[in-house]
There are 2 protein chains.
Amino acid sequence: MKRPLRLLRGCLGMVVMTTLKDIGRALGLSVTTVSRALNDFPEVSPQTRLRVRAAAERLGYQANRSAQRLATGRSGMVGMIVKTSADYRADQTFMEILVGMSAALAARDTDLVLAVDQGRDPVEPYRRMLGRDLLDGFILNAPVTDDPRISYLNERGIPLVVHGRDRMDADYPFFTIDNHAVAAESVQLLTALGHRRIAYLNGPAQYSYAARRAQGYRAAMAEAGLPVLEGALTHDPPTAAAGYRQALSLLAGQRGAPPTAFICGSLLLAEGVMHATVDLGLSVPRDVSVMAHDDGLPMLRASSFTPALTVTHAPLHDACVPLANALVDLIGGADPKSLQVLNRAELIVRDSTGPAPETGRTPWP
Amino acid sequence: MKRPLRLLRGCLGMVVMTTLKDIGRALGLSVTTVSRALNDFPEVSPQTRLRVRAAAERLGYQANRSAQRLATGRSGMVGMIVKTSADYRADQTFMEILVGMSAALAARDTDLVLAVDQGRDPVEPYRRMLGRDLLDGFILNAPVTDDPRISYLNERGIPLVVHGRDRMDADYPFFTIDNHAVAAESVQLLTALGHRRIAYLNGPAQYSYAARRAQGYRAAMAEAGLPVLEGALTHDPPTAAAGYRQALSLLAGQRGAPPTAFICGSLLLAEGVMHATVDLGLSVPRDVSVMAHDDGLPMLRASSFTPALTVTHAPLHDACVPLANALVDLIGGADPKSLQVLNRAELIVRDSTGPAPETGRTPWP
DNA sequence: TGTACGACTCAAAGCGCTTTGAATAAATTT
DNA sequence: AAATTTATTCAAAGCGCTTTGAGTCGTACA
């Protein structure tokens, strides 16, 4: 049979790929030996290994992933599925994770395939990607409590790592910050300053990180002997508009005594709260204290707020390398449990938090 | 040789894939015929085709992409390379394109592989991805003027589509709005309202869209017989902070007569300008007119500004389906020139633009 | 001197698919 | 009725890689 014309190589001007055979021919070796040399098998002699390495380098060899995958069943590709909803697309955190993961995976010679979830069934896109592409594993982020996607993949033994954690007794690799502590420590900082009416502007309730922070908030309030006021724990997407709206409503609304302090689930919420205080003629931190959790997103610096914002700080960025390594190791057969990380956020006190205003003082209109 | 143990199928609980052979066996046909039936070859009889279709459906057959790729040289995957810089990650437009493209490509049964550009050489990541994965093509966005990545891929005959256009005589498929017109029409609207000192807060100068808008701005100003004031054409990343800073500097700075109107390259810049006007005690549109280009990003609505913002409007979203189709068609052998789209942005006049203040009036401090 | 063993190397099979070239059966023509 | 076309189908090769099982050479042992 003559060489088929269908190959793209050459005809479309594609970079001509060097194959194992090319290296073998150049060195007078078999493809077997070349393959083994490159894959660090013990039975190839050191000098041969070196010769092969050099030739591979010289000829610009890069393994053909398709062939590798076909032969091994591994693809060197992992998937990540993102939602198409407006609030997802608008949320910088996802881009941060996406870019970070891609970079971290590249260091482990793994590619990231993106797919979108457009439907009602959250596991459908995973099913589709699995059937079609033989991905090696998945990265999942922003899990909801008892996430059905996680169960689906876990039951089938499909490697996955999660940014976040959908339940306490997780048996998959994850990287998450201690969201309970994030909320509780914030409350503790504020109660230590004498605040008693503390509002928590949380993320959307379905996300497990938000549920966990709500727990932390409630626990710390209870521990301080403080009631959680009506409407003082809210759930919104991380936007300045939502923060503004909620702060306005809580500070100027008719819901009883307004809070003297706000804890925000994100810097954007805090931004909205700050605006609301300005519009109401309130001073931060004299009249109201404001703090937030800071995901370390680019171009959004807590230290650049006026006044500089007190935060719990845990860059999303930090999760990517551990997660990428965990996933690749997991695919390589590592123990899932050994790849679990619970990180602590750092408390950074700046200028937006101060002593609670004296009792009885009502600075707002 | 016995069945090797190395395969993931089964051992890791992976979904067991149905192969062509399975279908063939079930129907008493050869893999050849099954393959042809599924790929709509003319030489297979209609009834056989139907039988095969049914069996494939029933058995949940999905082609193994690796095998297909290995055999055809095509992968059914295209690449998109994103930058890791902070301003890129913070820029919502990229997430919008990424998600939109992924969705649009899925409809054409094509996957999107993400890679990151971390280095100094803009073509390096493309070279790497090409050598390694045999992607079928690339999507490129935010080209700079005479973009080296485009030249690199074009010279090698690698299919690519571009969101934007790096030069006027582009010979690749692209989708872009008429950025010259975007700027020119904005200027014309404002000059018709009597404005003579019009500032243009543009995107970063290296991007071709920004360069093109600068041209449009200059051309329209010249046509109206107006000079471009010192410092009235600025280049910044699309952030509210930049808009605020520039507006403040132009309105309150010592750079001669301040502008009576601002055209902003993005809603975020406009947001900053609006804040600046508020802080300076200026009224929009009485003292200053403000307009912007609106990319139709989620959670950022020009109509929700106060006052509602006059814009040129062209949702990024609209580019994705045409681009995805163009890329898949191009890979299929279509003529690049036939896949070029130059779209017009829509001018939407709202409440942020009004007649120029009377000459001599100087409302600012 | 012969045998056994280790150290390397290799040919060949197979992953699932597409495609070539040939074979078979049926329909048409001479 | 034989020869030719047409309509289907098939076996086999090959894509580049990994892995198996079988050599081939020395060197160390008996």
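Since this is a predicted model, take the numbers as computed values, not measurements. The chains referred to below are lettered A, B, ... by the order of the sequence lines, with proteins before strands, and numbering in each begins at 1.
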Q. Atom CG of Asn64(B) and atom C1' of dG16(C): how far apart are they, to the nearest Å?
A. 6 Å

**Q.** Relative orientation of the end axes in the helix from dT1(C)-dA30(D) to dT30(C)-dA1(D), expressed as an angle to the nearest 10° (five pairs per end)
**A.** 70°

Between the protein and nucleotides 5-10 of chain C, which nitrogen or oxygen pairs come in under 3.5 angstrom?
from, atom 1, to, atom 2, distance (Å)
dT9(C), OP1, Thr48(A), OG1, 2.7
dT9(C), OP2, Ser45(A), N, 3.3
dT9(C), OP2, Thr48(A), OG1, 3.3
dC10(C), OP1, Gly28(A), O, 3.4
dC10(C), OP2, Ser30(A), N, 3.0
dC10(C), OP2, Ser30(A), OG, 3.3
dC10(C), OP2, Thr33(A), OG1, 2.8
dC10(C), N4, Arg36(A), NH1, 2.9

Q. Roughly how many Å is it from CZ in Arg25(B) to P in dG16(C), rounded to a whole number?
A. 11 Å

Q | Any side-chain donor near an acceptor of the partner, Asp136(B) and Ser75(B), under 3.5 Å | A | yes

Q: Mind checking side-chain contact (heavy atoms from CB on, under 4.5 Å) for Val31(A) and listing every partner two or more places apart, or none if nothing turns up?
A: Leu20(A), Lys21(A)

Q) Whole Å only: how far is the CG atom of Leu70(B) from the C1' atom of dT18(D)? A) 13 Å

Q: Write down the distance between CZ (Phe41(B)) and C1' (dC10(D)), rounded to a whole number of angstrom.
A: 15 Å

Q. Mind checking what makes side-chain contact (heavy atoms from CB on, under 4.5 Å) contact with Ala67(B), not counting sequence neighbours?
A. Leu70(A), Asn64(B)

Q | Distance in angstrom units between Leu27(B) CG and dC10(D) P, rounded | A | 10 Å

(Q) Checking Leu50(B) now: which residues fulfil side-chain contact (heavy atoms from CB on, under 4.5 Å) with it, not counting sequence neighbours? (A) none

Q: Round to a whole Å and report the spacing from CD of Gln62(A) to P of dC17(D).
A: 11 Å

Q: Could I get the full list of side-chain contact (heavy atoms from CB on, under 4.5 Å) partners for Ala86(B), not counting sequence neighbours?
A: Pro298(A), Met299(A), Arg89(B)

Q: May I have the distance from Leu20(A) (atom CG) to dC17(D) (atom P), rounded to whole angstrom?
A: 4 Å

Q | Arg49(B) CZ - dA7(D) P separation (whole Å) | A | 14 Å

Each nucleotide N or O in nucleotides 23-26 of chain C that has a protein N or O under 3.5 Å away: list the pair and distance.
none

Q.
Show me the pairs that pass salt bridge (Lys or Arg N to Asp or Glu O under 4.0 Å) and involve residues 24-38 of chain B, at least two apart or across chains.
A. Asp22(B)-Arg25(B), Arg36(B)-Glu43(B)

Q) Tell me, which pairs form a salt bridge (Lys or Arg N to Asp or Glu O under 4.0 Å) where one or both residues lie in residues 317-342 of chain B, sequence neighbours left out? A) Arg108(B)-Asp329(B)

**Q.** Results of ring pair (Phe, Tyr, Trp, His ring centres under 6.0 Å) for Tyr126(A) - residues two or more places apart only
**A.** Phe138(A)

Q) Does any non-hydrogen side-chain atom of Leu112(A) lie less than 4.5 Å from one of Val78(A)? A) yes

Q: Check whether any side-chain nitrogen or oxygen of Gln68(B) sits under 4.0 Å from OP1 or OP2 of dG16(C), and answer yes or no.
A: no

Residues 115-123 of chain A, side-chain donor-acceptor partners within the protein, below 3.5 Å, at least two apart:
from, atom 1, to, atom 2, distance (Å)
Asp117(A), OD1, Gly119(A), N, 3.1
Asp121(A), OD1, Val123(A), N, 3.1

Q: Provide the full list of ring-ring contact (aromatic ring centres under 6.0 Å, His included) pairs with a residue in residues 93-117 of chain A, sequence neighbours left out, each pair given once.
A: Tyr88(A)-Phe94(A)

